[in-house]
Amino acid sequence: MAFAARLDTDGRVLDVNQPALELGDTSGDDVLGKPFWECFWWSYDPAIQSELREEIRQAANGVTIRRDAECRMTGDRLVAIDFQLAPRRDESGRVVDLVASGVDITERKASERRLAASEARLRSVFTSIDQGYCLCEIETDEAGCPIDYRFVEVNPLFEEMTGLHDAQGRTAFDLVPGLERHWLDDYVRVALDGETLRFESESEAMGRVFDVFAAPVEPRGHFVLVFKDITKTKEDEKHRALLAGELNHRVKNSLATIQAMANHTLRTASDLDSFGQVFSGRLQAMASAHDVTFSKDGEGAADLHSLIEAQLGPHAPSEPERLRLDGPRINLASTLAHGLALALHELVTNASKYGAFSNEAGILDLGWTLERQDGDRVLVLTWRESGGPPAPPPEREGFGTQLITATVKHSLGGEFHREFKREGLLVTIRVPL
């Protein structure tokens, strides 16, 4: 639809084309000589009429008016038009009349609304996605060589994912002077060569690891990035791998220890019943140490006092004064806890069979302190039995002693000393923390 009308400088209709009359379901007699703003097309809204009247005054003074407007058509339907009001001059330059014209732009307006709605949806996604987003452009030098890339637009999560503040409008190397060159090289492939890339890469300069999707957009030289900071995920993966490796190492060591205990216990046991009793006790010592070590949310650290109680408790006499513990609260690493558990188990087993706990009067004093040796912390445990049978040196070294020696010296890097005194056994264990 297109309509045209000629007006005098006061805005009265002098002439109008037929399409305009048909669309307004009116006739020339209804509009000729009538102020343009009072015609059917505009009389539906006083505000519209007032605006049009002012524009006619401006056009009469030589100003051309052009804007989007809505005029009424048959059935009171409003139609969007590209409206223009232009003065027409004579040879002397005097405005002699005005030409009002309009072209139907309803479809264009509908397209604009659809585009605006689409952009609003995209904007909503842009601001709400749980990933960083940015629109970038490649910067080049005078010779056309890529030297940097600029962040044209960024979403709210961009700063959180990158740690970069006020990035919009600035370049990457300006924001991160030590940024690795490979980032620019990759994005040049995207923006200038048209590649689409998906990759994970670390930036030491930024101290982060990113999962990146990069795609080219028009015009050439521009590209978009959708990315996520996966630094924590990668650290967790490394930690899990470390834990798996440590677990594998511990399982192998535990199996080797169990195998050695089984072989030697079998060789020294008088019968299967005694083998079962001794071997079961040693396994229980390892299990108790494990329980104490991982009793607090799997932290992998054991409280020394709790470890001692777990190993000595089942063997201790009912009289509390016969077992005296004295020492500060100390947390032990899991390896140290397991080793000490085996040593304590062997010592308390011997005390129950031959030492302080084998009669009704024996006493065990177990104390521990922390010392400094060459700048390192050293745990010193003193095992002192008294009141039990005399403790003569054994004719041969049993497996229990061999196990303690191997554990303390070789596995824990410590020292193991024992003295067979008249009043009872005295053992000193020193291990680095």
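None of these values were measured; they are calculated from a predicted model.
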What distance separates [X] [atom1] from [Y] [atom2], expressed to the nearest 0.5 Å?
| X | Y | atom1 | atom2 | result |
| --- | --- | --- | --- | --- |
| L336 | I330 | CG | CD1 | 9.5 Å |
| L312 | L307 | CG | CG | 9.5 Å |
| T369 | L379 | OG1 | CG | 7.5 Å |
| D376 | L433 | CG | CG | 9.5 Å |
| L325 | L304 | CG | CG | 9.5 Å |
| N61 | I56 | CG | CD1 | 12.5 Å |

Is it the case that atom [atom1] in [X] sees more than 12 heavy atoms from other parts of the structure closer than 6.0 Å?
| X | atom1 | result |
| --- | --- | --- |
| D166 | CG | no |
| E319 | CD | yes |
| E321 | CD | yes |
| H239 | NE2 | no |

Test item: [X] side-chain N/O and [Y] main-chain N/O as donor-acceptor pair under 3.5 Å:
| X | Y | answer |
| --- | --- | --- |
| T196 | A215 | no |
| D148 | F173 | yes |
| E385 | A356 | yes |
| H222 | P219 | yes |

- Task: Evaluate ring-ring contact (aromatic ring centres under 6.0 Å, His included) for Y133 paired with F158, printing each intermediate quantity in order.
- Result: CA-CA 6 Å; Y133 167 90; F158 177 92; 9.5 Å; no
Would you call [X] and [Y] a salt bridge, using N to O less than 4.0 angstrom?
| X | Y | value |
| --- | --- | --- |
| D185 | R181 | yes |
| R67 | E55 | yes |
| E107 | R114 | yes |
| R170 | D174 | yes |
| K232 | E235 | no |

- Task: Could you check R384, R322, R324 and say which one makes a side chain to side chain donor-acceptor pair (under 3.5 Å) with D365?
- Result: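 Of R384, R322, R324, side chain to side chain donor-acceptor pair (under 3.5 Å) with D365 is met by R324 alone.
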- Let me see the working for R53 and S50 under side chain to side chain donor-acceptor pair (under 3.5 Å), right down to the final yes or no. CA-CA 5 Å; R53 187 171 184 173; S50 178; over 6 Å; no
- Task: Show your reasoning for whether side-chain contact (heavy atoms from CB on, under 4.5 Å) applies to K109 and D68.
- Result: CA-CA 10 Å; K109 284 293 185 180; D68 291 349; 2.8 Å; yes
- Using the ring pair (Phe, Tyr, Trp, His ring centres under 6.0 Å) rule, collect all pairs that involve residues 372-391, keeping only residues at least two apart or in two chains.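 Qualifying pairs, neighbours excluded: none.
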Heavy-atom side-chain proximity of [X] to [Y] below 4.5 angstrom:
| X | Y | value |
| --- | --- | --- |
| S358 | P389 | yes |
| V103 | F83 | no |
| Y44 | L78 | yes |

Identify the heavy atoms of [X] and [Y] that sit nearest to each other, and give their distance.
| X | Y | result |
| --- | --- | --- |
| Y149 | I138 | CB-CD1, 4.1 Å |
| Q131 | F227 | CB-O, 3.3 Å |
| L192 | G221 | CD2-CA, 3.9 Å |
| I81 | G102 | CD1-CA, 4.3 Å |
| N359 | G388 | ND2-CA, 3.3 Å |
| D104 | T106 | OD1-OG1, 2.6 Å |

[X]: which residues meet the ring pair (Phe, Tyr, Trp, His ring centres under 6.0 Å) condition with it, sequence neighbours left out?
| X | answer |
| --- | --- |
| F40 | none |
| Y354 | none |
| W37 | none |
| F357 | none |

- Which pairs pass salt bridge (Lys or Arg N to Asp or Glu O under 4.0 Å) with one or both residues in residues 205-223, sequence neighbours excluded? R198-D211, R208-D229
- Query: Which pairs, with at least one residue in residues 327-336 and sequence neighbours excluded, count as a salt bridge (Lys or Arg N to Asp or Glu O under 4.0 Å)?
  - Reply: D303-R329
- Do the ring planes of W42 and F36 sit parallel (below 30°), tilted (30 to 60°) or perpendicular (above 60°)?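 W42 and F36: perpendicular rings.
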- Using 30° and 60° as the class limits, which term best fits the ring planes of F199 and W183: parallel, tilted or perpendicular?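 Ring orientation, 0 to 90° scale: tilted.
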For [X], what residues pass the side-chain hydrogen bond (donor to acceptor under 3.5 Å, both in side chains) criterion, not counting sequence neighbours?
| X | answer |
| --- | --- |
| R77 | none |
| R372 | none |
| T64 | none |
| E112 | R108 |

- Message: Checking V212 against L225 for the side-chain contact (heavy atoms from CB on, under 4.5 Å) test, could you report, in this order, the C-alpha distance in whole Å, the side-chain angles of both residues, the deciding distance, and whether it holds?
- Response: CA-CA 7 Å; V212 182; L225 302 177; 4.1 Å; yes
- Message: What verdict does the salt bridge (Lys or Arg N to Asp or Glu O under 4.0 Å) test give for E200 and K234, after you've listed the backbone C-alpha separation in whole Å, the side-chain angles of each residue and the deciding distance to 0.1 Å?
- Response: CA-CA 10 Å; E200 292 181 1; K234 289 299 181 182; 2.9 Å; yes
Sequence neighbours excluded and cut-off under 3.5 Å, please list the side-chain donor-acceptor pairs for residues 412-427, or say none.
from	atom 1	to	atom 2	distance (Å)
R418	NH1	T401	OG1	3.2
E419	OE1	K421	NZ	3.3

- Residues Q373 and R430: side-chain donor-acceptor under 3.5 angstrom: yes
- Any chance you could lay out the side-chain contact (heavy atoms from CB on, under 4.5 Å) test for L179 and S203, step after step, and finish with the verdict? CA-CA 7 Å; L179 186 66; S203 170; 3.8 Å; yes
- Task: Assess whether side-chain contact (heavy atoms from CB on, under 4.5 Å) is satisfied between L135 and V217, documenting all intermediate values.
- Result: CA-CA 9 Å; L135 170 65; V217 294; 3.8 Å; yes
